[in-house]
Structure formats: structure tokens, C-alpha cells
Amino acid sequence: QVQLVESGGGLVQDGGSLRLSCAASGRTASNYHMGWFRQAPGKEREFVAAISWSGGSTYYADSVKGRFTISRDNAKNTVYLQMNSLKPEDTAVYYCNAGLTYGTRRPGVYWGQGTQVTVSS
């Protein structure tokens, strides 16, 4: 069992930056591939970024590539999402996910509660 708690969301202006954190707890949390997903109002949840269990490789959705960076610190059981050059279309609830199938956009079964990111124009 893995518990995930996101933090770091908020209101930011167009072009601004935010860093999201996802604290994982559970005996084997550091063994999981991790990802970030987001859901905007009226839209389906979509993949944003993923990182391998070791932190050695990452991949991104085309819409955020070059602007967002996913990283992890396994000593702290924490995954981060650094978001730069934010746009109004990035406005969504952002969810941390554990156990995704690496190399795909298929999420694992463990989800956090989500954190709201709002980008004003």
C-alpha cells in the first residue's frame, strides 16, 4: 500500500512558476515508477510526466515538454514537478500517481488527493 500527498499548488500569473511535491509513504514507495496527471474542468484526466523508480529516466506529454521537469528524491520518498512558463491552459487539478506502467501513459492504482493549479492570464 502506498499513500500519496501532493502540495505546492496555487494561483500564479501567466509565465510564472510553481513546484509541486508528492510525499509518498509505504514500505516500498521508492520502488515505484511515479507520474503526474492533471484534470481540467470538463476534461478527462491526462498524463503530464513520468519518472522511473531510480530517477534515471523521464518522459513528458508534448504539451509540457521543455517547460516542466519531473524529479524524485528517494531518500525523502518525494517526487517533484517543477513547472515553468505556465500558461492558462495548464490550469487543472494535478494528481500524483504511483505504479504507472513505465513507457506508457497507463496510471497505477495509487493516487493522491490532488492539488489545484490556477494560471491567470
Side-chain angles (χ1 to χ4, degrees):
Q1 193 79 352
V2 177
Q3 293 79 41
L4 305 172
V5 179
E6 301 98 333
S7 61
L11 174 64
V12 65
Q13 289 188 333
D14 190 353
S17 298
L18 282 174
R19 188 176 83 155
L20 306 183
S21 298
C22 171
S25 60
R27 188 166 57 90
T28 59
S30 62
N31 292 344
Y32 286 89
H33 303 313
M34 301 288 292
W36 287 94
F37 292 75
R38 67 186 182 186
Q39 187 167 20
K43 295 188 177 181
E44 293 188 353
R45 194 172 297 188
E46 65 175 2
F47 169 80
V48 174
I51 188 166
S52 62
W53 70 269
S54 67
S57 62
T58 61
Y59 56 100
Y60 300 88
D62 287 344
S63 58
V64 306
K65 201 172 296 182
R67 300 187 297 121
F68 291 10
T69 302
I70 188 171
S71 61
R72 68 190 297 165
D73 183 339
N74 282 344
K76 296 181 178 180
N77 277 343
T78 302
V79 178
Y80 304 97
L81 185 68
Q82 177 66 44
M83 305 185 295
N84 298 328
S85 301
L86 282 161
K87 306 174 182 180
E89 51 263 43
D90 295 317
T91 295
V93 177
Y94 283 71
Y95 296 92
C96 182
N97 179 266
L100 87 166
T101 304
Y102 198 74
T104 76
R105 300 184 175 199
R106 190 177 308 128
V109 297
Y110 301 112
W111 293 96
Q113 83 287 352
T115 186
Q116 176 72 46
V117 171
T118 303
V119 184
S120 63
S121 58

In this structure, CZ of Arg72 is separated from OG of Ser52 (nearest 0.5 Å) by 7.0 Å
Determine, stepwise, if the pair Lys87 / Asp90 fulfils salt bridge (charged side-chain N to carboxylate O under 4.0 Å, His left out).
CA-CA 5 Å; Lys87 306 174 182 180; Asp90 295 317; over 6 Å; no
Rounding to 0.5 Å, atoms OG (Ser121) and CD (Glu89) come to a distance of 10.0 Å
Taking every heavy atom of Ser17 against every heavy atom of Gln82, the minimum-distance pair comes out as CB-NE2, 4.0 Å
Worksheet item: Would you say His33's side chain and Trp53's backbone share a donor-acceptor pair under 3.5 angstrom?
Response: yes
When rounded to the nearest 0.5 Å, the distance separating CG of Asp73 from OH of Tyr80 is 5.0 Å
Quick note, side chain to side chain donor-acceptor pair (under 3.5 Å) partners involving residues 97-107, not counting sequence neighbours, are Ser57-Tyr102
Separation between OG (Ser7) and CD (Gln113), nearest 0.5 Å, reads 8.5 Å
Residues pairing under salt bridge (charged side-chain N to carboxylate O under 4.0 Å, His left out) where one sits in residues 39-60, two or more places apart or in two chains, turn out to be Arg38-Glu46
*Could you tell me whether a side-chain N or O of Glu6 sits under 3.5 Å from a main-chain N or O of Thr115, the two making a donor and an acceptor?*
no
Apart from Leu18 itself, members of its ILVMFWY cluster (side-chain separation under 4.5 Å) are Val2, Leu4, Val12, Leu20, Tyr32, Met34, Trp36, Val48, Ile51, Tyr60, Val64, Phe68, Ile70, Val79, Leu81, Met83, Leu86, Tyr94, Val109, Tyr110, Val117, Val119
